[in-house]
Amino acid sequence: MIDRARINALLEEGIRHSMVTVIAAPGYGKTQAVSLFTQKKKKVLWLHLSSMDNIPQHFWENFLRSVNAADPDLAAQIKDIGYPDTAATYIIFLRILASNLYNSEPLIWVVDDFSLIYDQEIKHFFEFTAQINLENFCFIIISSVKTDLGLACIKGGGSVYQLTAESLRFTAEETAELFEKNKIQLPGEMLEKIDRYVAGWPLGLYLLMQHMKMKPHIHEDPFHIDMSIAYNLFEKEYFSVYEKKLQKLLIRMTLLRSVPYEMLHLISECEKSAVDTMLEANLFIEYDPRYDVYYFYSLYNDFLSRKQYMLDEEEIKEVYSIAGDWYYKHSQYLDAVKCYGNCGRFDEMLQAVIAIPKALMQISLADFLLEHLSLLPADFLRSHPIAEYLKASLFHNIMEVNTAERMLLSLEERIKNEKPDEPDAVLGEVYIMLAAISFLRNTTDFVDHYKNAAKHLPAGSLIQKKNQMIIGEAFPYLLPDSEPGALQRMEAAFLRPSPIWNM
């Protein structure tokens, strides 16, 4: 591909608007075109999305890393807000963003690829942001499917500039320039034939150009572009030419959504210089310097994923194990949970689950964690009662209180039968969660639950956030009845277990 002046001019015109939408099917060079253009800009926030970003907490962590790469000061200001899932927190986020942009360098925020987002809460975040119409701010939305974000922008008083597949197609002049720069001499009639057949499709042109380099006689023969050409090209030029260890490294990389440079060398068995040489020469491996990560062009990733049979079970587990440790070390706990679950390191998976903040958890995150906790074998669950407690706490967080209570009471009975006279930390946590349920039901049962918790957790909870249910403002506490003295009885109930809260 080449850096096309025409596309750069279109994007330059586009960023004078509130939003630019770049929407086309795969193979139109959307990401490359925007990447080449933004390399010349001073302040760019590039948000690479994956299917994991449909979990709001994962999305927010990914977003903060993106902001930090573009503007560390802004990232520091919004970090403590948490994911803005209410109008109040979103207004705070918006005010900080607006204040940061005032009299500053223009900020270009690139979202790639929006078509991967299906969670309505995340979509609403983008819709709200599309409507803000701030000074010195332009949204660039890259997507392989149509989106309503442009309409949201217009509703907010902004203007939208659209780049479509037609905009991204190579013109006849650009096609001729592409072949000329790659030292392929073609007569005018052949260029016209290519232009008619390929219709300016960037990926099709590139694959045809590579095919011509491998088989010069194709100039004289009818040709047909399909995915078999792409796979043949990948096999001959970007796979079989590598030594076996490099081939396996490429396949290992497909097990992960993207691979940080540091992790890349941890999962590799090759010399660092050999890996770096391959990465630099392979046109289908993208590198994002903002986050220091590598990822594959989607078609190449599909090709390599089909070769995962070349890895045995132990090799696959090793990759997930290394990745899990890396993600946990860097506080990317959701990715750590996924990787630890895939390699069967269930103790570490539980620690990663515990490390995830759980106050006001979204249903999508709870479903993700419950799905991974369901991977635990029966014998592991018997020897690790903390896993059952975590399941119950997740149901409690998504307000399936009856289910949570049944699980907690069952776990309480089980632990008491197994350890009738021994203090047990998990049992203490169970009582704290039962106390939380008491709060929700506006009863004073929490007093006895906290007293029982104190017997098993003399140093306090290791899992529950300090004072979470008292000052976290997660739920208003109502009086249980309207009888005389209700307020005094409730105040007395609050004071009785106070040592447990370290107040």
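Residues take their numbers from the sequence shown, with the count starting at 1.
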With sequence neighbours left out, the residues meeting ring pair (Phe, Tyr, Trp, His ring centres under 6.0 Å) with F380 are F346, H384
Under 4.5 Å between any side-chain heavy atoms of H265 and D276, yes or no? yes
dist L394:CG -> L369:CG (nearest 0.5 Å) comes out at 5.5 Å
Under 4.5 Å between any side-chain heavy atoms of Y28 and I23, yes or no?
no
On a heavy-atom basis, the closest approach of S167 and L10 is CB-CD1, 4.3 Å
Would a line drawn from the ring center of F128 to the ring center of F93 be shorter than 6.0 Å?
-> no
- What orientation do Y294 and Y261 show, parallel under 30°, tilted 30 to 60°, or perpendicular over 60°? tilted
message = Is there a side-chain contact (heavy atoms from CB on, under 4.5 Å) between I432 and L457? Walk through the geometry before answering.
response = CA-CA 10 Å; I432 292 177; L457 294 169; 3.8 Å; yes
Of all heavy-atom pairs linking G158 and S18, the shortest is CA-OG, 3.3 Å
task = Answer yes or no: is there a side-chain heavy-atom contact under 4.5 Å between F139 and C153?
result = no
Inset, instruction - If the plane angle is over 60° it's perpendicular, under 30° parallel, otherwise tilted; pick one for W109 and F126. - result: tilted
S438 side chain to L434 backbone, donor-acceptor under 3.5 Å: no
Shortest non-hydrogen pair, Y327 vs A336, comes out as CB-N, 3.7 Å
message = Between K416 and E413, does any side-chain N to carboxylate O distance fall below 4.0 Å?
response = no
Check: For D445, does the CG atom have more than 12 heavy-atom neighbours from other residues, nucleotides or ligands under 6.0 Å away?
Finding: yes
With F59 as partner, the option from L49, N54, L64 fulfilling side chain to side chain contact (heavy atoms under 4.5 Å, CB included) is L49
Residue pair T129 / Y90, side-chain donor-acceptor N/O under 3.5 Å: yes
For this session: Please answer whether the main-chain N or O of V319 pairs with a side-chain N or O of R252 as donor and acceptor at a distance below 3.5 Å.
Result: no
Rounded to the nearest 0.5 angstrom, the CD-CD1 distance for E429 and I415 is 10.5 Å
Would you say CZ of R95 has more than 12 non-hydrogen atoms from neighbouring residues, nucleotides or ligands within 6.0 angstrom? no
Take Y333 and Q57 through the side-chain contact (heavy atoms from CB on, under 4.5 Å) test and state the conclusion after the steps. CA-CA 10 Å; Y333 298 121; Q57 185 163 331; over 6 Å; no
Side-chain donor-acceptor contact under 3.5 Å, D335 with H58 = yes
Validation row: L408, H396 side chains within 4.5 angstrom (heavy atoms)
no
Requested in this report: Please work out which of the three classes, parallel, tilted or perpendicular, describes the rings of F368 and H372, given edges at 30° and 60°.
Outcome: tilted
Main-chain N/O of N301 paired to S305 side chain as donor or acceptor, under 3.5 Å:
yes
Worksheet entry | Salt bridge present between D325 and R345 (N-O < 4.0 angstrom) | yes
- Using the side-chain contact (heavy atoms from CB on, under 4.5 Å) rule, take V20 and C138 through it: C-alpha gap first, then chi angles, then the decisive distance, then the call. CA-CA 7 Å; V20 179; C138 180; 4.0 Å; yes
Quiz item: Side-chain contact, heavy-atom cut-off 4.5 Å: I316 with L255?
Solution: yes
(Q) Using side-chain heavy atoms (C-beta onward) and a distance below 4.5 Å, is I142 in contact with V34? (A) yes
- Query: Could you walk me through whether I15 and K41 pass the side-chain contact (heavy atoms from CB on, under 4.5 Å) check?
  - Reply: CA-CA 11 Å; I15 62 171; K41 302 300 177 182; 4.0 Å; yes
Note, V293 side chain near L264 side chain (heavy atom, < 4.5 Å) | no
Is any side-chain heavy atom of H17 less than 4.5 Å from a side-chain heavy atom of V160?
no
With sequence neighbours left out, the residues meeting side chain to side chain donor-acceptor pair (under 3.5 Å) with N402 are R441
Side-chain (D71) to main-chain (V67) donor-acceptor, under 3.5 angstrom
no
